[in-house]
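Below is one structure; the comments refer to it alone.
As the structure is a prediction and not an experimental result, all values here were calculated from the model. Reminder, nothing fancy here: chain letters follow the sequence lines and each chain counts from 1.
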Number of protein chains: 2
Amino acid sequence: MIRIGIDMMGGDFAPAEAVKGSIEFIKEQENGEIHLVMIGDEPSIRKHLEQAHIPPGSFSIVHASETIEMHEHPTKALKEKQHSSIAIGFHLLSAGKTDAFISAGNTGAMMVGALFSIKTIEGVSRPTIGAYLPREDGSLGLLVDVGLNADCKPENLNQFAVLGSLFAEHVLKINSPRVGLINLGEEEGKGNLLAQGAFPLLKENSRLNFIGNIEGRDILLDKADVCVCDGFTGNVVLKLAESIYDIVQRRQIKDEHFERFNFEVYGGVPVLGVSKPVIIGHGISHSIAFRNMIRIACTMLETDLTRRIEKAFAV
Amino acid sequence: MIRIGIDMMGGDFAPAEAVKGSIEFIKEQENGEIHLVMIGDEPSIRKHLEQAHIPPGSFSIVHASETIEMHEHPTKALKEKQHSSIAIGFHLLSAGKTDAFISAGNTGAMMVGALFSIKTIEGVSRPTIGAYLPREDGSLGLLVDVGLNADCKPENLNQFAVLGSLFAEHVLKINSPRVGLINLGEEEGKGNLLAQGAFPLLKENSRLNFIGNIEGRDILLDKADVCVCDGFTGNVVLKLAESIYDIVQRRQIKDEHFERFNFEVYGGVPVLGVSKPVIIGHGISHSIAFRNMIRIACTMLETDLTRRIEKAFAV
């Protein structure tokens with residue numbers, strides 16, 4: 001039995017959309033192997049579950065009397081609000097009472113929780129967080145890091161590439177994912193000191209299908225499956241890509257491909273490099289986002305991604 | 001009399017489009033105060049000028065027997081090809097025989113020429129190169145640096161902000177341009193070490209209308225008039241924005257705003273911080289790009305931008 005912990009109080013539409021997404025997931029389940037652990041204000045969750053008609057064994061509720069708000073200071077809030085849904089979520093995860101934890105709540109608190117409540121996989125210097133890249137053929141690529149690590153060393157980028165490749169291979173189902181180093185030119189030797197230092201590491205890394213440098217213009221195309229950069233660059237790139245959707249919407253352009261720039265629907269991608277699946281969602285997550293996050297957590301558990309990462313980093 | 005030097009051999013469609021753009025510019029001139037110095041293969045230029053019917057006094061031709069190709073190593077090519085249009089262009093500029101120099105040729109050679117053939121303005125540690133940002137209201141913003149300085153110190157960003165502001169004010173005609181620091185979060189204190197270090201410098205700089213941090217999602221919107229970042233980030237952002245136009249074209253989306261993501265038409269923006277106007281154009285420049293570059297050079301000269309920059313950096 002796989003048990004997925006979900007913070008029902010996270011996101012702008014809590015708990016309604018979290019409940020809705022959970023119900024949708026449970027209903028599409030065929031064999032009922034997944035058990036959802038809904039963490040949050042029990043009366044409120046029960047009220048939203050009332051009309052749902054889902055099997056009672058498919059979920060349980062763990063009451064949390066507090067909520068960490070979006071604007072709160074992550075470390076302080078996590079420390080002071082021990083009865084918050086995020087604190088309880090990490091407590092259950094680290095105690096082995098759940099196998100994964102999902103939240104669309106305070107991103108900082110989720111990151112702090114992921115880094116300090118559960119272990120970082122041995123050999124991983126810095127866990128990373130990525131984002132999906134919609135591509136014209138309908139597939140998804142991965143951009144790592146998108147903000148967890150603003151300042152990086154070349155070796156960090158090398159590790160992000162390995163973590164991203166394993167995620168792309170097993171969760172996105174891309175065979176031998178092509179890794180590109182985001183840079184300001186294509187030729188080897190180009191770049192800032194970080195990119196110049198990372199290039200030879202990526203090139204010599206036998207775990208990677210490294211295709212060399214990629215430029216800004218290649219990120220949204222199908223050139224690399226895993227686009228690697230520091231978290232500062234990745235964050236700017238991700239938010240710029242997100243803004244394209246807003247512009248397209250405002251200009252009333254209807255286009256299937258640009259619809260997929262609505263990053264909300266993807267829900268979120270996992271923190272990679274920690275010992276258990278943790279997925280941090282977009283603040284404005286709707287039910288589809290929650291459903292997708294639960295699916296991703298399941299895929300990570302079913303494909304044993306964490307063990308594969310451990311193996312890759314074991315010397 | 002203002003004399004603008006133009007490398008007629010630079011760009012993918014040389015010299016045809018350079019000649020066409022020059023003719024267009026001359027024809028729209030009312031008072032004939034601008035004299036164009038066309039540098040390149042004389043017979044070829046003359047051939048393209050044959051049907052033009054432009055006043056003989058509006059231009060002159062300086063023959064260049066060599067051309068630096070796009071793929072050539074910048075420093076080596078500039079040194080070895082003393083009779084190339086770029087080498088002659090910088091020679092004329094530094095000798096005071098022209099007042100500005102424009103080329104859509106080898107970017108690296110143009111940068112090397114701008115940095116070493118003419119002087120950097122006293123007080124400017126690192127000249128910078130920017131790019132226009134199309135905005136939904138039809139106006140243009142500026143992104144600096146877009147690749148000249150891959151690794152920066154906080155003080156460099158502070159200087160890019162001053163250079164960009166002066167350009168925005170005098171050439172883009174934006175009154176008291178708002179300067180935003182590209183960062184991964186809005187709050188002061190966020191960012192990588194560079195952004196954290198640059199923030200207080202920008203905040204305390206009385207020459208700037210600093211509005212604080214801006215995120216990736218703000219770059220294409222009308223939040224700041226001058227978006228400041230290191231050249232690595234700026235290069236990735238610019239090329240990503242360029243690729244949006246390609247995707248929009250491929251998907252046959254017709255939209256006035258996205259049409260303006262066709263960065264080719266802007267021609268190029270000047271190297272800021274050097275003692276004379278130097279404009280580096282896009283390799284695939286057509287006549288409209290050349291005409292625009294000549295116009296920008298004229299505006300820079302007419303508004304005395306270089307003297308204003310000198311004054312701003314004089315202690």
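Between atom CD1 of residue I219(B) and atom NZ of residue K239(A) there is a gap of 10.5 Å, rounded to the nearest 0.5 Å. Within the model, atoms CD1 of I253(B) and NZ of K254(A) stand 11.5 Å from one another, a figure rounded to the nearest 0.5 Å. Here CG of N192(B) is found 8.0 Å from OG1 of T233(A). Values are rounded to the nearest 0.5 Å.
With respect to chain A, the highest number of heavy-atom pairs below 4.5 Å among H257(B), E256(B), R217(B) belongs to R217(B). No other option in V146(A), L193(A), L194(A) has as many heavy-atom pairs under 4.5 Å with chain B as L193(A). Between chain B and the residues V237(A), I244(A), I247(A), the most heavy-atom pairs under 4.5 angstrom are made by I247(A). The most heavy-atom pairs under 4.5 Å with chain A, out of L240(B), D230(B), V248(B), N235(B), come from L240(B). Between chain B and the residues K190(A), R250(A), R251(A), the most heavy-atom pairs under 4.5 angstrom are made by R251(A).
Heavy-atom distances place no part of D246(A) under 4.5 Å from chain B, backbone and side chain included. N149(B) does not touch chain A: none of its heavy atoms, backbone or side chain, sits under 4.5 Å away. Only the side chain of L221(A) has a heavy atom closer than 4.5 Å to any heavy atom of chain B.
A 4.5 Å side-chain heavy-atom check between Q196(B) and D151(A) finds every atom pair outside the cut-off.
Of all the heavy atoms in G216(B) and S243(A), the pair that sits closest is O-OG, 4.4 Å. Across G147(B) and L184(A), no two heavy atoms sit closer than the pair O-CD2, 4.3 Å.
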